[in-house]
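Below is one structure; the comments refer to it alone.
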Amino acid sequence: MPKSRIRKKDDFTPPPAKQAASINLNSGRRWVAPLMLAMFLIGLAWIVIFYVTTGDMPVESLGNWNIVVGFGFIAAGFVVSTQWK
């Protein structure tokens with residue numbers, strides 16, 4: 001019985017290395033992160049001050065609507081965060 005031919009396998013060659021895409025971090029949106037954090041902290045501080053002073057501060061005439069104002073600042077922070085790239 002004749003022997004079959006032995007196929008020589010090619011040596012493994014790794015795929016060519018891909019060039020890493022450079023990310024431009026200075027795209028003109030440096031204001032987003034500080035503004036977002038500021039809105040979060042202002043909203044949190046507004047609510048905490050309202051509870052600690054038992055409703056006398058930040059704006060006494062608003063009453064319990066001070067909580068809505070605090071959460072409004074926090075919500076504005078989330079809206080600003082959508083601009084972060």
Side-chain angles (χ1 to χ4, degrees):
M1 182 171 229
K3 288 186 174 181
S4 64
R5 292 186 186 177
I6 298 174
R7 289 186 238 156
K8 182 181 178 194
K9 293 184 179 180
D10 292 335
D11 292 335
F12 174 75
T13 54
K18 294 182 180 178
Q19 293 287 337
S22 64
I23 299 173
N24 185 8
L25 296 177
N26 296 328
S27 63
R29 303 252 175 148
R30 293 179 146 184
W31 56 271
V32 173
L35 180 62
M36 175 184 66
L37 291 176
M39 297 295 253
F40 288 155
L41 292 176
I42 290 170
L44 179 65
W46 194 288
I47 293 170
V48 168
I49 289 171
F50 174 71
Y51 276 116
V52 169
T53 61
T54 61
D56 293 337
M57 287 178 63
V59 180
E60 187 176 3
S61 63
L62 289 179
N64 286 337
W65 283 98
N66 280 304
I67 298 170
V68 175
V69 172
F71 278 114
F73 277 110
I74 293 171
F78 279 113
V79 170
V80 170
S81 72
T82 63
Q83 300 300 314
W84 196 1
K85 288 187 179 181

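Computation of the quantities below employed the complete heavy-atom set of this structure, encompassing side-chain atoms and omitting hydrogens, waters and symmetry-equivalent molecules.
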Any chain of hydrophobic side-chain contacts (each under 4.5 Å) joining [X] to [Y]?
{"X": "Phe78", "Y": "Val32", "answer": "yes"}
{"X": "Val48", "Y": "Val68", "answer": "no"}
{"X": "Phe50", "Y": "Leu41", "answer": "no"}
{"X": "Phe73", "Y": "Val59", "answer": "yes"}

From CZ (Arg30) to CG (Leu35), nearest 0.5 Å: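 So the CZ of Arg30 and the CG of Leu35 are separated by 15.5 Å.
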Point-to-point distance, once rounded to the nearest 0.5 Å, from CE of Met39 to CG of Leu44: 14.0 Å
Residue pair Arg29 / Gln83: nearest heavy atoms and the distance that separates them: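 Nearest heavy atoms, Arg29 then Gln83: NH1-O, 2.9 Å.
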Which atom of Ile49 lies closest to which atom of Met57, heavy atoms considered: CG2-CB, 3.9 Å
pair Ile74-Ile47: side-chain heavy atoms closer than 4.5 Å: yes
Side-chain touch Trp46/Phe71, heavy atoms, less than 4.5 angstrom: no
Any donor-acceptor pair under 3.5 Å from Trp84 side chain to Ala33 backbone: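 Not a single qualifying donor-acceptor pair exists.
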